[in-house]
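Notes to accompany the following structure.
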Number of protein chains: 2
Amino acid sequence: MTYSHFMNESQTLKAERKIKEKTARRDAILKAAKDAFFKNGFMETTVEDIADSCGLAKGTIYLYFKSKEEIYVSLMTKGLELLKKEMLKAASAEYDGDKILYQLLAIYYKFYLKNRKYFRIIFLSSHPDVRRRVSGELLKSSVETANDCLGILNDAIKRGIKSGSFKQTDPWQAANILWAMVNGLIMKYETDPIYREEIVGIKLEKILIESLNLFLDGLRIK
Amino acid sequence: MTYSHFMNESQTLKAERKIKEKTARRDAILKAAKDAFFKNGFMETTVEDIADSCGLAKGTIYLYFKSKEEIYVSLMTKGLELLKKEMLKAASAEYDGDKILYQLLAIYYKFYLKNRKYFRIIFLSSHPDVRRRVSGELLKSSVETANDCLGILNDAIKRGIKSGSFKQTDPWQAANILWAMVNGLIMKYETDPIYREEIVGIKLEKILIESLNLFLDGLRIK
DNA sequence: ATAGAAAAATGACTTATAGTCATTTTATGA
DNA sequence: TCATAAAATGACTATAAGTCATTTTTCTAT
């Protein structure tokens, strides 16, 4: 009682440390999960694999995540956050909308090359069959991060309209179209590595640039 | 021996009937599987569910399909074939490329509205984690059907170039871009029904038409 | 019609894994 | 140092994919 103000202070510190430790452990689990999912995919990774590779018992994993799906979707959010960070860097330049979009595409493509497996997680996590097994809260945070990425596109397009290089149009709608186009192309390429070349016969980088050209052509003032 | 030529004939008939019966049973399984997958999704449908609902034992299912994934991917191929049929109908009109593309989009959207669950199957079946558990042969046939759909777009764009309404461009590449854009948008809408409206705030039909307008704007001769 | 062979179907069984929970271990605080 | 709370454990339960020895049905030759 006498030292209650100290105690409160130290209790606060303790509590903070506890939270930090919890977060650290959660991150360790996610790191192990990332390795396992990257290596063997969602279906063929077991929760025990993940537990083993971070030196915990299976039951412990369930103290941090409600289900295998929740681990997976948490990883997706991490992937989206990484992507968002990269996109923000590219978008911060003082260029016009036009040039920023090319830069964003370059960043996006580079991110894809370095993080193909993350794209697979994003792709599968977006499916209703996975999502139905995940809490609304977790979904919301992933949706918000994806939304932030779209917001960056939105800003770039807005800038282009303001500067007069793009025609008057709904930037949010345009951003969604561009996002869908680029993701659709990547997904198509990701779908089947074996048959890929023979289906399209076009290099991904080339078709991505062409698609942006086409998009900008439609967006520019004639 | 004496009647060997008759026997051969009747044997051929018998064999044909056998094949027909096999196909019919396979189709019955696929029909039951469709209902089950539509209702409960991939993860929460069991092979026993499928077997029960078409009055067969679980083991019998495995005489017709190598795995649950193969049933699923076979359904995807069926879905793509339906879509292809619809698209062919729309594309057979004697219109110019421009108008055909609008028609194709309308057909595609209508198909989506009537077959949302098929889209989910197509979406999930396209994922490497599902595909890795499916035989190359089966994958090839699904890839070919998807390819045929793209071919229809390709033809329409070619026609537009020939008639002079579209600029000189690689029609195959343009077809892939259009396909990716439309699928990307639908996927985005399919991803999360709960948050959908608040993310995009745009009706799907409207944004699909807008995206085609933008695409055509980029494609048309200025 | 019938026996014997071939084809098709069966479902109990094996194996694997997600998720639980009573018990044990570790950390905290007086 | 002990009591209490928090964290971790892993044996256990439940469920479901896929197998295969056995049974049932269909076909064929006489």
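Protein chains get the first letters and strands the later ones, always in sequence-line order, with residue 1 at the start of each.
- Here A:Lys66 lies out of heavy-atom contact (under 4.0 Å) with every strand.
- Across all their heavy atoms, B:Leu178 and B:Leu212 have their closest contact at CD1-CD1, 4.0 Å.
- The ring of A:Phe123 has its center closer than 6.0 angstrom to the ring center of B:Phe123.
- A salt bridge links B:Asp27 to B:Lys78: at least one charged side-chain nitrogen sits closer than 4.0 Å to a carboxylate oxygen.
- Annotation: cation-pi pair B:Lys117/B:Phe37 absent, no NZ/CZ under 6.0 Å from the ring centroid and within 45° of its normal.
- Between B:Ser74 and B:Phe65, the closest heavy-atom pair is OG-CE2, 3.6 Å.
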Atom pairs under 3.5 Å: protein N/O with N/O of nucleotides 24-26 of chain C:
none

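- Minimum heavy-atom separation, B:Lys68 to B:Thr45: NZ-O, 2.7 Å.
- Out of D:dA7, D:dG18, C:dT10, the shortest distance to the side chain of B:Arg133 is found at D:dG18.
- DNA chain D is contacted by no residue of residues 67-77 of chain A, taking any non-hydrogen atom closer than 4.0 Å.
- Between A:Tyr108 and A:Glu86, the side chains place no donor N or O within less than 3.5 Å of an acceptor N or O (distance only, hydrogens not considered).
- At a threshold of 4.0 angstrom between heavy atoms, the contacts of B:Phe65 with the nucleic acid are absent.
- We find that OH of B:Tyr64 is positioned 7 Å from P of C:dA8, with the value rounded to whole Å.
- A ring-centre distance under 6.0 Å is not found for B:Tyr118 and B:Tyr112.
- The shortest heavy-atom contact between B:Tyr72 and B:Ile121 is OH-CA, 3.4 Å.
- In the set D:dA7, D:dT9, C:dG19, C:dG19 carries the atom at the smallest distance from any side-chain atom of A:Lys58.
- Protein atom OH of B:Tyr62 is 17 Å distant from nucleotide atom P of C:dA12, rounded to whole Å.
- For the atom pair NZ of A:Lys58 and CG of A:Asp49, the computed distance is 10.5 Å after rounding to the nearest 0.5 Å.
- Taking a 4.0 Å limit (strictly below) on heavy-atom distances, residues 37-55 of chain B reaches DNA chain D at B:Thr45, B:Thr46, B:Val47.
- Remark: P of D:dA6 and CZ of A:Arg25 are 17 Å apart, rounded to the nearest angstrom.
- Among the protein residues, B:Leu63 comes within range of the nucleic acid bases, having at least one heavy atom under 4.0 Å from a base atom.
- Considering only side-chain atoms of A:Lys22, the nucleotide from D:dA7, D:dG10, C:dA8 that sits closest is D:dA7.
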Self-check item: Stepwise side chain to side chain contact (heavy atoms under 4.5 Å, CB included) check, A:His127 with B:Phe42
Solution: CA-CA 11 Å; A:His127 197 280; B:Phe42 180 73; over 6 Å; no
